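Below is one structure, written out as structure tokens; comments come after it.
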Number of protein chains: 2
Amino acid sequence: MPTDETRTAILTAAEQLYAERSFGEVSLRDIVAAAGVNLAAVNYHFGSKDELLAELFLSRATALNRERFAALKEAEAAGDGRADVEAILRALAGPPIRWCLGADRQRSAAARFMTRAAVETVPPIRKIVERDITHLRRFADALRRALPDREEVDVYWGLHFALAMIRQTTTDSERLRKLSGDLCDLDDVDDIIERIVQLASAGLTGKTAPLRKERAKAAAAKG
Amino acid sequence: MPTDETRTAILTAAEQLYAERSFGEVSLRDIVAAAGVNLAAVNYHFGSKDELLAELFLSRATALNRERFAALKEAEAAGDGRADVEAILRALAGPPIRWCLGADRQRSAAARFMTRAAVETVPPIRKIVERDITHLRRFADALRRALPDREEVDVYWGLHFALAMIRQTTTDSERLRKLSGDLCDLDDVDDIIERIVQLASAGLTGKTAPLRKERAKAAAAKG
DNA sequence: GTCTATATTCGGATAGAC
DNA sequence: GTCTATCCGAATATAGAC
């Protein structure tokens with residue numbers, strides 16, 4: 001691995017740049033300038049810009065998924081095969097939030113790069129992102145096992161909202177800081193994860209006010 | 001306004017295309033082809049690609065904000081000057097979700113265009129997006145008035161999570177549909193808004209399980 | 001106001017020396 | 001494996017006729 005440091009220099013630089021600007025806005029020339037390597041090196045090592053992007057995304061997504069799965073497995077082991085809702089959510093939210101807001105600059109860039117790549121419409125990315133749905137399915141299944149009495153649609157909506165909070169926090173934390181006048185402490189990573197876990201958990205377990213439909217139903221039953 | 005229909009044809013076509021692909025991926029040639037107008041018309045009417053984007057975004061953002069404000073004002077009037085949390089959230093979430101998931105294709109494109117534009121790093125957009133924080137501040141203020149006993153940071157976090165759910169639902173509803181095997185009904189717009197409002201409201205009013213810190217505090221007080 | 005034709009810039013890719 | 005030099009296509013922007 002230390003042999004071709006040119007390869008990793010390119011990947012690192014690309015990741016850093018993609019964390020802040022979109023795919024189309026970052027040119028190969030920007031990347032090689034940041035990496036301190038020659039322009040031709042990109043095509044030599046990766047073949048094309050698209051393939052560079054694909055390899056980068058695959059590499060980071062694999063690492064993140066691995067970490068999430070490990071946490072999920074651990075939670076399931078701790079619960080004798082069935083993890084509880086909060087533990088599942090912590091396995092889902094912990095890794096990306098820690099990566100993004102933690103001290104490790106490289107990891108932070110990786111996390112922001114990935115949320116940006118997730119909405120990218122470039123073909124090589126789309127393919128990998130679609131595969132990512134498989135990864136989510138395992139979390140959905142774990143949640144359904146943890147909530148056998150809950151309607152299936154509610155579980156999916158709950159997962160959807162959990163992912164929403166994770167994404168927003170990795171992409172728009174800066175706006176929150178500004179909006180709150182620096183009141184919201186984005187360095188207290190564990191607190192943030194816990195906020196997400198608790199609220200997402202409330203959504204999944206149905207500890208919110210009844211939905212309009214159910215209220216209407218209840219009113220009808222009453223009246 | 002009906003005079004130069006070329007202008008509006010360009011705006012409409014651009015909006016449609018930007019709803020699905022990013023700024024850098026849509027060329028002026030794509031736009032004029034979709035609009036059925038000449039290439040030079042863009043520069044004649046708008047000056048440049050950037051200015052076209054800026055005008056489009058400003059126009060749609062203004063319309064959306066107006067609708068949100070009207071709903072907020074109405075809620076405040078109904079509550080004799082102080083709107084309750086759910087009404088505020090409904091004013092925040094209703095317009096974008098109805099636009100995005102409603103039947104009006106134009107409106108749907110507008111909503112998706114805007115969430116895409118919000119993460120765009122192109123200068124002309126950044127400027128307008130930053131102004132948008134002012135718009136959010138009014139909602140933050142309304143929420144603080146509705147929740148005088150609640151810690152200020154919790155209000156900001158609650159707003160952050162509400163925005164998260166709105167954004168995710170406007171951008172990734174397709175993934176949810178797939179993941180749930182078509183179980184989640186994305187046509188029942190009112191139900192979706194209500195899901196968002198109820199969960200966001202739970203987050204704001206603190207009806208979730210206590211955070212780790214507070215639990216630790218409670219345990220310390222007890223033991 | 002609308003079109004054709006063109007200027008100009010930029011970015012991805014490659015050939016070929018070292 | 002790395003570099004220089006260059007090709008080629010694409011896209012924005014504009015000049016100027018109608």
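The figures that follow rest on heavy atoms only: side chains count, while hydrogens, waters and symmetry mates do not. Note that this is a predicted model, so its numbers are computed, not measured. Sequence lines set the chain letters: A, B, ... in the order given, protein chains first and strands last, and positions in each chain run from 1.
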| Given C:dT4, is OP1 or OP2 found less than 4.0 Å from the side-chain N or O atoms of B:N38? | yes
| query | When the nearest nucleotide of DNA chain C is assigned to A:N43 and to A:D30 on a heavy-atom basis, which residue is associated with the more 5' position? | reply | A:D30
| Which residue lies more 5' along DNA chain D, comparing A:V37 with B:G47 via nearest heavy atoms | A:V37
| Think B:T6 has a side-chain N or O under 4.0 angstrom from the OP1 or OP2 of C:dT2? | yes
| request: In whole angstrom, give the distance that lies between atom CD1 of A:I10 and atom C1' of D:dG1. | output: 11 Å
| field | Minimum-distance nucleotide (side-chain atoms of A:K49 versus C:dA13, C:dC3, C:dT2) | value | C:dA13
| query | Is the number of heavy atoms from other residues, nucleotides or ligands within 6.0 Å of CZ (B:R131) greater than 12? | reply | no
| query | Whole-Å distance between C:dG12 C1' and A:I31 CD1? | reply | 11 Å
| request: May I ask you to say what A:A41 touches in the nucleic acid, namely base, sugar-phosphate or nothing, with a heavy-atom cut-off under 4.0 Å? | output: nothing
| task | Calculate the interatomic distance between B:Y44 atom OH and C:dA5 atom C1'; express it in whole Å. | result | 19 Å
| Is B:R126 salt-bridged to B:E130, going by a charged N under 4.0 Å from an acidic O? | yes
| message | For a quick check under 3.5 Å, do B:T62 and B:N65 share a side-chain donor-acceptor pair by atom type? | response | no
| Whole angstrom value for the distance that separates P of C:dG11 from CD of A:E25 | 11 Å
| remark: Rounded to whole Å, the CZ-C1' distance (B:F46 to C:dG1) equals 14 Å
| said: Any carboxylate oxygen within less than 4.0 angstrom of a Lys/Arg side-chain nitrogen, looking at A:E86 and A:R90? | reply: yes
| request: Could you tell me the separation between the CD atom of B:E15 and the CG atom of B:L52, rounded to the nearest 0.5 Å? | output: 11.0 Å
| note | Among D:dT2, D:dT4, D:dA13, the one nearest any side-chain atom of B:L28 is D:dA13
| request: Check whether any side-chain nitrogen or oxygen of A:S27 sits under 4.0 Å from OP1 or OP2 of C:dC10, and answer yes or no. | output: no
| field | Rounded distance in Å - CZ (A:F23) to P (C:dG11) | value | 13 Å
| What's the closest nucleotide to the A:R29 side chain, out of D:dT6, D:dA13, C:dA15? | D:dT6
| request: Nearest whole angstrom, please: distance from the P of C:dG1 to the CG of B:L39. | output: 18 Å
| request: Name the closest nucleotide to the B:A40 side chain, picking from D:dT14, D:dC3, C:dT2. | output: D:dT14
